[in-house]
Amino acid sequence: MVTIEEAHKIIKDQPKELKTENRNLSDCLGFSLSENITAPFAMPSFDNSAMDGYALFGIFQEYKIVGEVAAGDMNEIDLKEGEAVRIFTGAKVPENTTAVMMQEKTSVEGKTLHLEQMPKEGQNIRRKGGELEEGELVFEKGYTITPAGIGLIGALGIEKVQVYKKPAIHLITTGNELVAPGKPKGEGQIYESNSYALAAAAENFGFVCQEKKQIADDFEKIKSGIKDSLEVSDVLILSGGISVGDYDFVKQALEENGVEELFYKVFQKPGKPLYFGRKGNKFVFALPGNPASSLSCFYLYVLPLLQQLSGSKKNGLQRYFFPIIHDFENSGDRPSFLKAKIVEGKVEILDGQGSSMIISMALGNALAFLDAETSLKQGDLVECLLIS
């Protein structure tokens with residue numbers, strides 16, 4: 001058995017082979033860059049107007065209007081002192097423009113422009129290179145691309161980006177008692193939900209589960225299913241069958257498939273019977289079958305590995321401290337991740353902490369971490385991991 005800290009270190013320290021690919025700008029959201037991006041040109045690439053109004057030469061109260069410049073116009077206008085041109089947001093300002101006056105502060109009589117206030121030099125002009133200079137570092141390798149990031153990359157004229165591939169994920173659930181949702185359920189059976197929850201959790205963080213399989217508690221079938229998934233996946237996640245019951249065949253099936261055990265069992269609650277191993281460049285997690293335990297272990301251990309394999313600088317769930325709204329005592333002998341809800345900057349530890357109870361996780365939005373045998377008073381700060 002390992003501690004929480006030891007488990008995280010073992011996962012982080014594993015040698016990992018990261019794969020790269022070129023992706024179109026329209027299909028790279030959530031991927032992490034495998035190389036730096038630098039600005040191929042200054043941005044803006046020319047002095048331009050920050051608003052609709054008039055480009056002015058000189059500091060005066062009145063000007064002669066001599067033309068118009070719209071966004072995208074290529075014509076060059078040589079302004080003389082005391083002259084102005086009508087100009088629109090984003091349009092290139094004439095070379096000798098002193099300032100741009102917004103149209104709301106002007107009036108026009110014929111060809112004469114009147115200003116309500118005196119202009120200031122450089123007013124409402126967006127200077128060349130004001131956002132980025134040519135050659136300037138825009139994004140470092142490992143940056144996870146956001147919608148705004150896509151906008152900036154596109155503004156730099158870049159059509160394709162070099163990114164890290166995301167790992168191929170396969171998911172196996174085991175159990176004779178499991179029935180697929182929508183099918184008749186007999187006495188002693190339960191509906192299988194872990195595969196749906198785990199696949200959704202992966203998707204929520206930008207990953208895709210390529211295949212889900214449900215296998216009965218049969219050693220040979222589990223062994224064969226593991227063999228098939230290991231051939232085509234980068235990360236194999238199993239749920240159930242990893243404890244010490246008579247029908248828990250997963251650990252033996254992994255061993256017979258040549259998977260090296262890196263740790264088995266973590267000193268924590270929930271999720272003690274957690275397995276992590278590898279075969280070559282393939283990684284395997286065997287999670288407990290209880291729904292809350294299974295999902296908690298995904299958030300705490302599987303997610304950081306998926307992020308590492310995709311080249312991201314992220315490392316699991318975001319962590320913050322919040323004051324607790326009530327007294328609470330963790331009387332157990334293990335560190336615990338408790339289902340909790342954060343509202344208006346305060347945390348409440350919810351009822352229904354059993355490892356089989358998923359409702360409190362569905363209604364909550366965080367896991368509150370408490371050391372063993374810890375007593376909290378209202379207002380004490382609690383470390384919380386945000387799950388949504």
Side-chain angles (χ1 to χ4, degrees), residues 169-204 207-230 232-233 235-257 259 264-266 268-277 284-302 336-339 350-364 367 387-388:
I169 304 168
H170 279 227
L171 179 59
I172 296 175
T173 54
T174 67
N176 290 333
E177 75 280 16
L178 302 179
V179 178
K183 294 185 177 181
K185 179 171 70 72
E187 189 71 25
Q189 293 183 313
I190 61 172
Y191 285 115
E192 193 281 304
S193 61
N194 283 358
S195 67
Y196 296 93
L198 293 169
E203 184 178 352
N204 196 40
F207 299 98
V208 176
C209 181
Q210 277 81 2
E211 184 177 69
K212 296 187 295 183
K213 291 188 285 191
Q214 181 180 329
I215 304 177
D217 287 324
D218 179 287
F219 175 73
E220 292 300 330
K221 289 180 180 178
I222 293 173
K223 179 181 172 181
S224 176
I226 289 172
K227 179 179 181 294
D228 292 342
S229 289
L230 282 173
V232 291
S233 65
V235 177
L236 171 60
I237 305 170
L238 297 104
S239 177
I242 194 58
S243 193
V244 292
D246 292 344
Y247 294 93
D248 289 331
F249 300 126
V250 167
K251 192 169 182 291
Q252 183 184 349
L254 289 170
E255 291 172 359
E256 295 202 15
N257 273 289
V259 178
Y264 174 53
K265 295 186 179 179
V266 180
Q268 64 179 11
K269 187 178 180 180
K272 177 182 174 181
L274 171 66
Y275 173 101
F276 177 57
V284 178
F285 282 98
L287 313 180
N290 279 319
S293 295
S294 182
L295 197 51
S296 294
C297 287
F298 174 88
Y299 287 130
L300 297 170
Y301 301 99
V302 182
S336 298
F337 295 92
L338 303 172
K339 290 158 277 188
L350 301 174
D351 294 332
Q353 292 296 329
S355 59
S356 64
M357 297 181 179
I358 195 72
I359 185 169
S360 48
M361 187 170 277
L363 297 176
L367 296 173
I387 62 176
S388 64

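When a residue number appears, it is its place in the shown sequence, counting from 1. Scope of the values below: all heavy atoms of this structure, side chains included, with no hydrogens, waters or symmetry mates.
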Just how far is it from atom [atom1] of [X] to atom [atom2] of [Y], taken to the nearest 0.5 Å?
X      : Y      : atom1 : atom2 : result
Lys272 : Ser293 : NZ    : OG    : 12.0 Å
Leu300 : Leu295 : CG    : CG    : 9.5 Å
Ile237 : Ile169 : CD1   : CD1   : 5.5 Å
Ile215 : Phe249 : CD1   : CZ    : 12.5 Å
Leu367 : Lys339 : CG    : NZ    : 9.0 Å
Asn257 : Lys227 : CG    : NZ    : 7.5 Å

* Step by step, would you call Ile172 with Ser229 a side chain to side chain contact (heavy atoms under 4.5 Å, CB included)? -> CA-CA 9 Å; Ile172 296 175; Ser229 289; 3.8 Å; yes
Heavy atoms from other residues, nucleotides or ligands near [atom1] of [X] exceed 12 (cutoff 6.0 Å):
X      : atom1 : answer
Asn204 : CG    : yes
Ile359 : CD1   : no
Lys213 : NZ    : yes

* In chain order, what residues pass the side chain to side chain contact (heavy atoms under 4.5 Å, CB included) check against Val208, with sequence neighbours excluded? -> none
Could you pull out the closest heavy-atom pair between [X] and [Y], with the gap in Å?
X      : Y      : value
Gln189 : Asn176 : NE2-O, 4.3 Å
Asp248 : Gly241 : OD1-CA, 3.2 Å
Gly188 : Glu177 : O-CB, 3.9 Å
Met357 : Gly352 : SD-CA, 3.4 Å
Pro288 : Cys297 : CD-SG, 4.0 Å
Asn194 : Pro291 : OD1-CA, 3.3 Å

Return yes if some donor-acceptor pair links the side-chain N/O of [X] with the main-chain N/O of [Y] below 3.5 Å, else return no.
X      : Y      : value
Asp218 : Glu220 : yes
Ser239 : Thr173 : no
Tyr301 : Ser296 : no

* Sequence neighbours excluded, which residues qualify as salt bridge (Lys or Arg N to Asp or Glu O under 4.0 Å) partners of Lys223? -> Glu256
* Asked: Could you go step by step and tell me if Ile222 and Ile226 meet the side chain to side chain contact (heavy atoms under 4.5 Å, CB included) rule?
  -> CA-CA 6 Å; Ile222 293 173; Ile226 289 172; 3.8 Å; yes
* Do Lys251 and Tyr275 meet the cation-pi criteria used here (NZ or CZ under 6.0 Å from the six-membered ring centre, within 45° of the axis)? -> no
